[in-house]
Amino acid sequence: MNRTKAARWYSLAALVIVLDQISKWVVLGHIGYGESITVAPFWNWVLTFNSGAAFSFLADQPGWQRWFFTLLALAVSAWIAVMLRRHPERRLASLALALILGGALGNVIDRLRFGAVVDFIQWHAAGYYWPAFNIADAAITVGAVLLVIEQLLAGRRKADLQPHQK
């Protein structure tokens, strides 16, 4: 029964992977490495490759980080898949985990194909530039924020169930 209920969350993760990979395929076919295309006054398309993690963490290392981050993402993804199967009824937590799962696996595909993650969305304001990111990164970020919100709400529900002490 939980397998059937979890299928919708696995499907959401798969949708994130598909959207992420299609967007990267389009970018790789239309933008040259380092080229920047203005979309809006605060937004550019720019093709970069990140061999590190978030904010290019460990990108300056000689290559071991590719396999470290790949194995880490696969281990976390396996744990998430188990959690989605065990607790599919926890809607907000499952939504968050499905987004993180899809994002993590989307970036694993890049690491295996290119040795680095394809990033292409660049936001900026007043001369300050946010590091380039992709659909998978956005899904991971939204999932992480939702997971924090879910934990805060769960803590509040638990506190409401406790008898009040005077």
Side-chain angles (χ1 to χ4, degrees), residues 2-37 39 43-88 90-124 129-148 150-151:
N2 275 355
R3 187 181 323 162
T4 304
K5 289 180 180 180
R8 71 176 145 189
W9 302 119
Y10 297 142
S11 296
L12 175 59
L15 177 63
V16 170
I17 294 168
V18 168
L19 292 174
D20 177 63
Q21 291 299 303
I22 288 172
S23 67
K24 291 170 181 174
W25 175 73
V26 169
V27 166
L28 288 166
H30 293 89
I31 301 176
Y33 177 76
E35 179 182 357
S36 182
I37 299 172
V39 177
W43 176 6
N44 298 334
W45 296 129
V46 59
L47 176 59
T48 64
F49 291 89
N50 180 2
S51 60
F55 307 105
S56 297
F57 176 65
L58 296 178
D60 60 346
Q61 295 300 301
W64 61 266
Q65 74 278 19
R66 170 188 184 185
W67 302 110
F68 173 76
F69 290 128
T70 298
L71 291 174
L72 180 63
L74 290 173
V76 169
S77 295
W79 177 80
I80 288 173
V82 169
M83 290 299 103
L84 288 173
R85 186 168 177 175
R86 286 186 184 168
H87 306 288
R90 291 182 57 196
R91 298 180 81 163
L92 187 54
S94 293
L95 172 61
L97 291 173
L99 291 171
I100 294 168
L101 176 63
L105 293 177
N107 283 339
V108 163
I109 292 169
D110 287 8
R111 288 186 195 288
L112 294 175
R113 287 184 66 202
F114 307 113
V117 173
V118 176
D119 288 330
F120 59 91
I121 302 167
Q122 182 183 59
W123 289 343
H124 56 91
Y129 287 78
W130 187 258
F133 62 98
N134 58 47
I135 302 297
D137 297 336
I140 291 168
T141 301
V142 170
V145 168
L146 290 175
L147 206 51
V148 169
E150 193 275 339
Q151 289 300 301

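Every residue two or more places apart in sequence or in another chain that forms a ring-ring contact (aromatic ring centres under 6.0 Å, His included) with Phe120 is listed here: Trp45. For Asp20, the side chain to side chain donor-acceptor pair (under 3.5 Å) partners two or more places apart in sequence, or in a different chain, are Lys24. Every residue two or more places apart in sequence or in another chain that forms a side chain to side chain donor-acceptor pair (under 3.5 Å) with Arg90 is listed here: Glu150. Shown here are the side chain to side chain contact (heavy atoms under 4.5 Å, CB included) partners of Val76, two or more places apart in sequence or in another chain: Leu72, Ile80. With sequence neighbours excluded, no residue forms a ring-ring contact (aromatic ring centres under 6.0 Å, His included) with Phe114.
Note: Ser94 OG to Leu99 CG = 11.0 Å, rounded to the nearest 0.5 Å. Annotation: the span from Ile37 atom CD1 to Ile31 atom CD1 amounts to 4.0 Å, rounded to 0.5 Å. Atom-to-atom distance recorded for Thr48:OG1 and Ile121:CD1 is 10.5 Å, nearest 0.5 angstrom. Atom CZ of residue Arg113 and atom CG of residue Leu28 lie 7.0 Å apart, to the nearest 0.5 angstrom. In this structure, Trp79 CH2 and Ile100 CD1 are separated by 8.5 Å, a value rounded to the nearest 0.5 Å. Of the inter-residue distances, the one linking Gln122 atom CD with Tyr129 atom OH reads 6.0 Å to the nearest 0.5 angstrom.
Proximity of the aromatic rings of Trp123 and Phe133 is defined here by a centroid distance below 6.0 angstrom, and this criterion is met.
Side chains of Leu47 and Val118 form a contact here, defined as non-hydrogen atoms less than 4.5 Å apart. Within the 4.5 Å cutoff, the side chain of Phe69 has heavy atoms near those of the Arg111 side chain. At least one side-chain heavy atom of Gln21 sits under 4.5 Å from a side-chain heavy atom of Ile109.
For His30, the NE2 atom is loosely surrounded, since the number of other residues' heavy atoms within 6.0 Å does not exceed 12.
Minimum heavy-atom separation, Leu101 to Ser77: CD1-CB, 3.4 Å. Closest approach of Gly143 and Ala96 over heavy atoms only: O-CB, 3.2 Å. The two residues Gly102 and Val16 make their nearest non-hydrogen contact at C-CG1, 3.6 Å.
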Quiz: residues 6-14 side-chain donor-acceptor pairs under 3.5 angstrom, not counting sequence neighbours:
from, atom 1, to, atom 2, distance (Å)
Trp9, NE1, Pro88, O, 3.1
Tyr10, OH, Ala81, O, 2.7
Ser11, OG, Ala7, O, 2.9

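Between the side chain of His87 and the backbone N or O of Met83 there is no donor-acceptor pair closer than 3.5 Å.
Side chain to side chain, Asn107 and Asn134 meet the donor-acceptor criterion of an N or O pair below 3.5 Å.
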